[in-house]
Amino acid sequence: MSEPLAIFGGTFDPVHFGHLRLAEESIAHLGLGGVRWLPAGNPPHRGVPQVTGEQRLAMVRLATAGNLRFTVDAAEVEASAPSYTVHTLERLRCELGGVRPLVLLVGADAFAGLAGWHRWRDILELAHIAVSHRPGFPVEAASLPAELAAVFQQRRLADASGLCSAPGGGIVTFAMTQLAISATQIRKLLANGLSARYLLPDAVLDYIRAHSLYRNP
Ligand code: ATP
């Protein structure tokens, strides 16, 4: 079986170093062949992003440029329908076949909300889930909603080596460098005319400036 491929979805409004370290560290922690970044087009679980999908996609491309293990998938941004993760995974299964392990990367906050996602149980039929630690969001069954806690306990893998032995179905957690950075914080700084430097790549900040994004409305 070939090395697992990770799928990293998000609004990336804008992409920042918390995202980049999550993706980078997951490669070694989980033994991945690569990470496919998937900016959400019209994310169904949250409010309308402040900038367009094309702009968020452009920022992800700038942030990930030069990393040979990273690829960027524009399909969700280009689609007119809402982006549901389960549909994306079905598309990837058609593209890649049923055998290669797929790993959906999520931060602990996103995982805690999984039971609200469209056809969330089917996601585990299509892929594994890897949950990274994030400051302020414990990854333990006791802090999850009951139905998700039960699945977490049943599906939890002792370590990442289990990701290679099946195409999907397992849940693994991993501890990444803890970075209390969020896109919300960056949008607030920028809206208040404050510096967001060193929270996200300079190339992304240059793009934000050049396109006058995240200014106070
Ligand atoms: P917002 O503040 O707008 O909600 P965000 O910073 O959480 O945005 P998203 O694009 O919503 O960023 O996140 C994409 C994925 O990255 C999610 O799975 C989220 O849990 C994870 N993530 C984001 N920031 C971090 C971080 N600092 N540490 C670990 N995981 C993170």
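Whatever order the structure lists them in is the order used to number ligands and atoms, beginning at 1. Quick caveat, the model's predicted, so the values are computed rather than measured.
Near V106, meaning under 4.0 Å from one of its heavy atoms, ligand 1 places the atoms 18 (O). Every atom of ligand 1 with a heavy atom of R187 under 4.0 Å away is listed here by number and element: 3 (O). Within ligand 1, counting atoms from 1 as listed, the ones closer than 4.0 Å to a heavy atom of G10 are 10 (O), 14 (C). Residue contact check: D109 has heavy atoms under 4.0 Å from atoms 19 (C), 20 (O) of ligand 1. Atoms of ligand 1 found under 4.0 Å from any heavy atom of M176 (numbered from 1 in listed order, with element): 29 (C). Contact atoms of ligand 1 toward F8: 15 (C), 16 (O) (distance under 4.0 Å to a heavy atom of the residue). For ligand 1, the atoms closer than 4.0 angstrom to any heavy atom of T184 are 1 (P), 2 (O), 3 (O), 4 (O).
Neither the backbone nor the side chain of Q185 comes within 4.0 Å of ligand 1, counting heavy atoms alone. At a heavy-atom cutoff of 4.0 Å, ligand 1 is contacted by no atom of R21, backbone or side chain. Only side-chain heavy atoms of L22 come within less than 4.0 Å of ligand 1; its backbone N, CA, C and O stay farther off.
Heavy-atom minimum distance, V15 versus P201: O-CD, 4.5 Å.
Ion pairing between a basic and an acidic side chain is recognised when a charged N comes within 4.0 Å of a carboxylate O; E125 and R155 show such pairing. A salt bridge is absent between E95 and R100; no separation between the charged side-chain nitrogens and carboxylate oxygens falls under 4.0 Å.
Remark: distances from the non-hydrogen atoms of Q178 to ligand 1 are all 4.0 Å or more. Within the structure, the closest approach of G9 to ligand 1 falls below 4.0 Å when heavy atoms are considered. Not close to ligand 1: F111, with no non-hydrogen atom less than 4.0 angstrom away.
Considering backbone and side-chain atoms alike, I181 places an N or O below 3.5 Å from some N or O of ligand 1. At a 3.5 angstrom cut-off on N or O pairs, A183 counts as close to ligand 1. Between L179 and ligand 1, a contact under 3.5 Å exists for at least one N or O pair. Backbone and side-chain nitrogen or oxygen atoms of D13 are examined, and none is located within less than 3.5 angstrom of a nitrogen or oxygen of ligand 1. For a threshold of 3.5 Å applied to N or O pairs, the pair formed by H133 and ligand 1 contains no separation below that value. Considering both main-chain and side-chain atoms, G107 comes within under 3.5 Å of ligand 1 through a nitrogen or oxygen pair. Between F12 and ligand 1, at least one pair of N/O atoms sits closer than 3.5 Å.
By the rule that hydrophobic residues join a cluster once side-chain heavy atoms approach within less than 4.5 Å of another member, L22 and F137 end up as members of separate clusters. Both I186 and L194 are assigned to one and the same hydrophobic cluster, defined by single-linkage of ILVMFWY side chains at heavy-atom distances under 4.5 Å.
Between L20 and W37 there is a side-chain heavy-atom pair separated by less than 4.5 Å. Side-chain contact check for P39 versus R61: every heavy-atom pair is 4.5 Å or farther apart. Side-chain contact between L114 and V151 is absent, with no heavy atoms from C-beta onward closer than 4.5 Å. Annotation: side chain of I7 is not in contact with side chain of T85 (no heavy-atom distance under 4.5 Å).
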**Prompt:** Should E147 and R121 be marked as a salt bridge (charged side-chain N to carboxylate O under 4.0 Å, His left out) after you check the CA-CA gap, both sets of side-chain angles, and the distance that decides it?
**Reply:** CA-CA 10 Å; E147 54 182 346; R121 290 175 192 275; 3.6 Å; yes

**Message:** Set out, in order, the CA-CA distance, both residues' side-chain angles and the distance that settles side chain to side chain contact (heavy atoms under 4.5 Å, CB included) for I181 and R21, then state yes or no.
**Reply:** CA-CA 11 Å; I181 303 174; R21 285 305 303 179; over 6 Å; no

**Message:** Walk me through whether M59 and I208 qualify under side chain to side chain contact (heavy atoms under 4.5 Å, CB included).
**Reply:** CA-CA 8 Å; M59 291 189 277; I208 289 170; 3.7 Å; yes

